[in-house]
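In what follows, a single structure is set out as structure tokens and then discussed.
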Amino acid sequence: MSHQLSAGSIKLLQTASPDDVTVFESQHTLQFLSIKRVGNTPNPTGATPPDRYRIIMSDGVHYMQAMLATQLNSLVQDNIIGKNTIALIDKLTCNYVQEKRLIIVLGLRVLQHSAEKIGDPQNLESSDTAEGAAGNQGSATSASTPTPIAKPVSVGTSSGMRQQAPPPKGRHGNIYPIEGLSPYQNNWTIKARVMQKSDIKTWSNARGEGKLFNVTLMDDSGEIRATGFNLAVDELYPKLEEGKVYYISKARVNLAKKKFSNVNNDYELSFERNTEVEECHEITNVPTIKYNFVPLNALEELNKDAICDVIGVVKEASPLSEITSTKQNRQIPKRDLTLVDKSGFSVRMTLWGKQAEQYNAAEPSPVIAFKGVKVGDFGGRSLSMYSSSTMHINPDIDECFALRGWYDSAGSDQTFKAHSIASGASSTFGFNRAEIRSFDEVKQTGFGMPDKPETFSARGTIMHIKSDNISYPACPTPSCNKKVIEMNGSWRCEKCDKSFPAPEHRYIMSMAVADYSGQAWLQGFNEVGIAVFGMTANELLETKDRNLSRTHIMRTLVFGMASRASNH
DNA sequence: CCCCCCCC
């Protein structure tokens, strides 16, 4: 296997304008000549910050230095990439740190883990930056002008000559990428959008009391959570608005406690007394909120406690109510919305605190986009907002317009399926328990993956129950259910290593069930038997002992019954 | 320095 490296890519990466997506979000086949761990010393708290990896990447003609985004560290640690690995790199970001271009690799796919070094690549950086660092500056550079990292070069593409983009300058100094922040840098400014702002929270515990708020900040390199305490709340809570872009500097960088946040960064910011925050009014390429919407019918494919984005029309909004949190011993305002979408499903979404109070229930059926909400299993599937979730009413996005049009023209007259308690198991075939399938349909689809159960619901009539072996004597220990054997007048369970005076009989029955499309043999266990016969297996056996004909009982009980059974 | 994300 041999791969052609993208000759010319290194020059492009060194010279393109930092926001040129045709370079930084397109594909480059490069070889990693070396991968080195850097700058990882324990911080004053004794905690060890995450590793950072510096890589040398080559296009066969030139090589350059870059950093690996920390979220890709596992690729190194798990030896998925190593020396001379050839990879297709499809997302990078370009930033400036102390006027030096810093390239961060954000996305890649390994093409070949181990390879021979290709070509005899030359260092593109050394001619300028190494000299600069050595104080041997060429005539073109001076202390007051940005050091060119590479001379503009023709790279032999249709784009021709590219101008070296100057590092962002001005009164905000060096704009750092969020991904590049660490406790060891101290003169940085980030330019970031507030993606989410929490309520002001107060606490009181053994260590004291106070108030705080959080924001999630994002730029094109990554995201980070920031927290302001007490005085910083007074100063910055009113200033920072969701959706706006700010220059932020002189905040403290701490190691994040990952288990308390799903923000993808190993660090967190703490707003301090001298932290500077200034709104950025220019038009920028700082990213806006990105959604990955899950249609409401697909919620059952997500696990309980999963975090997801949804968009839906508010079909109903409950009045504001309150719950008493037993855990925290306080009242918490809440409001339930019923969301619907084109999938024909409805789901309950719970808002808490300020979100619940401030929701304007007077507005008829708005479309709301939610980011980062929690999947619950109440009533099959439910949704609930975290303090880190966001909701946007009638957002200016295509999905919102589409839902609005659908609801106003058709959706508002439709009835919606609720998720049901029984639903939840995912199915390769997209069967879900809320929908009734015919036996023929199930048989046509087949039985899928070996060892993977398929779940479906059917409605049919029980045509026959095998009467020769309808129940077995089981161990009475709760949830043991193992078959017991009669020995010397008592019943012995081998699993529990115990004997009992009497067994608990449990149903194990085979039924022929038919619907309009065909017939199937279904095996039902105890719960099914109780549902079908309306009595326990013990009771059924007693009836039999009282000398009634079993066939007679069955005929009586089964006749006229609309039976349901589920099958795996 | 919080770190709870709740109830039915």
Side-chain angles (χ1 to χ4, degrees), chain A residues 43-47 183 196-217 223-237 240 251-275 303-310 316-338 346-359 370-391 418-421:
Chain A
N43 66 22
T45 67
Q196 185 270 145
K197 181 172 86 162
S198 73
D199 286 354
I200 295 169
K201 289 170 272 187
T202 56
W203 84 91
S204 174
N205 60 29
R207 277 169 296 197
E209 57 183 47
K211 59 183 173 180
L212 69 108
F213 77 107
N214 300 297
V215 288
T216 308
L217 302 168
E223 55 179 355
I224 194 164
R225 187 163 87 141
T227 305
F229 291 96
N230 302 318
L231 289 173
V233 176
D234 302 332
E235 166 108 5
L236 295 178
Y237 189 82
L240 289 165
R252 199 170 59 190
V253 185
N254 297 318
L255 209 55
K257 289 163 197 147
K258 302 286 280 184
K259 66 182 156 189
F260 299 129
S261 153
N262 54 341
V263 173
N264 184 18
N265 199 307
D266 295 313
Y267 299 112
E268 288 185 351
L269 296 180
S270 172
F271 295 139
E272 303 297 310
R273 254 202 139 95
N274 60 338
T275 293
N303 293 328
K304 175 173 150 60
D305 299 330
I307 290 171
C308 69
D309 305 342
V310 295
E316 242 179 82
S318 78
L320 185 66
S321 65
E322 264 186 348
I323 61 134
T324 305
S325 167
T326 46
K327 229 178 197 169
Q328 296 182 74
N329 194 31
R330 63 187 180 97
Q331 299 294 111
I332 299 161
K334 75 158 230 176
R335 190 193 300 270
D336 289 331
L337 307 181
T338 304
S346 68
V347 71
R348 191 183 75 174
M349 166 72 77
T350 304
L351 317 187
W352 304 96
K354 273 222 172 66
Q355 301 270 26
E357 289 171 346
Q358 290 170 356
Y359 179 80
F370 292 87
K371 180 147 197 76
V373 295
K374 189 178 100 154
V375 176
D377 61 1
F378 186 74
R381 277 291 175 270
S382 58
L383 296 169
S384 170
M385 287 189 78
Y386 280 119
S387 69
S388 59
S389 309
T390 62
M391 59 180 275
H419 291 275
S420 68
I421 294 165

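Residue numbers start from 1 in every chain, and the chains themselves are labelled A, B, ... in the order their sequence lines are given, proteins ahead of strands.
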(message) Please enumerate all residues that pass ring pair (Phe, Tyr, Trp, His ring centres under 6.0 Å) together with A:Phe213, with sequence neighbours excluded.
(response) A:Tyr237

(message) Going by salt bridge (Lys or Arg N to Asp or Glu O under 4.0 Å), name the pairs with one or both residues in residues 206-216 of chain A, residues two or more places apart or in two chains.
(response) A:Lys211-A:Asp234

(message) When you measure from the side chain of A:Ser420 to the backbone of A:Gly380, do you find a donor-acceptor pair of N or O atoms at a distance under 3.5 Å?
(response) no

(message) Any base atoms under 4.0 Å from A:Arg252, or only sugar-phosphate, or nothing? Heavy atoms, all strands.
(response) nothing

(message) For chain A and DNA chain B, what are the first and last nucleotides along the strand, 5' to 3', with at least one atom under 4.0 angstrom from a heavy atom of the protein chain?
(response) B:dC1 to B:dC8

(message) My understanding is that only residues two or more places apart in sequence, or in another chain, count here; which of them pass side-chain hydrogen bond (donor to acceptor under 3.5 Å, both in side chains) with A:Thr350?
(response) A:Asp336

(request) Pick base, sugar-phosphate or nothing for A:Ser321, based on heavy-atom distances below 4.0 Å to the nucleic acid. (result) nothing

(request) Check ring pair (Phe, Tyr, Trp, His ring centres under 6.0 Å) between A:Tyr359 and all other residues, then give those that pass, not counting sequence neighbours. (result) none

(message) Classify A:Arg335 by what it touches in the nucleic acid, base, sugar-phosphate, or nothing, heavy-atom distance under 4.0 Å.
(response) nothing

(request) Applying ring pair (Phe, Tyr, Trp, His ring centres under 6.0 Å), name anything that partners A:Phe260, two or more places apart in sequence or on another chain. (result) none

(request) Classify the nucleic acid contact of A:Lys334 as base, sugar-phosphate or nothing, counting any heavy atom under 4.0 Å across all strands shown. (result) base

(request) Check every strand shown and say whether A:Glu268 touches a base, only sugar-phosphate, or nothing at a heavy-atom separation below 4.0 Å. (result) base

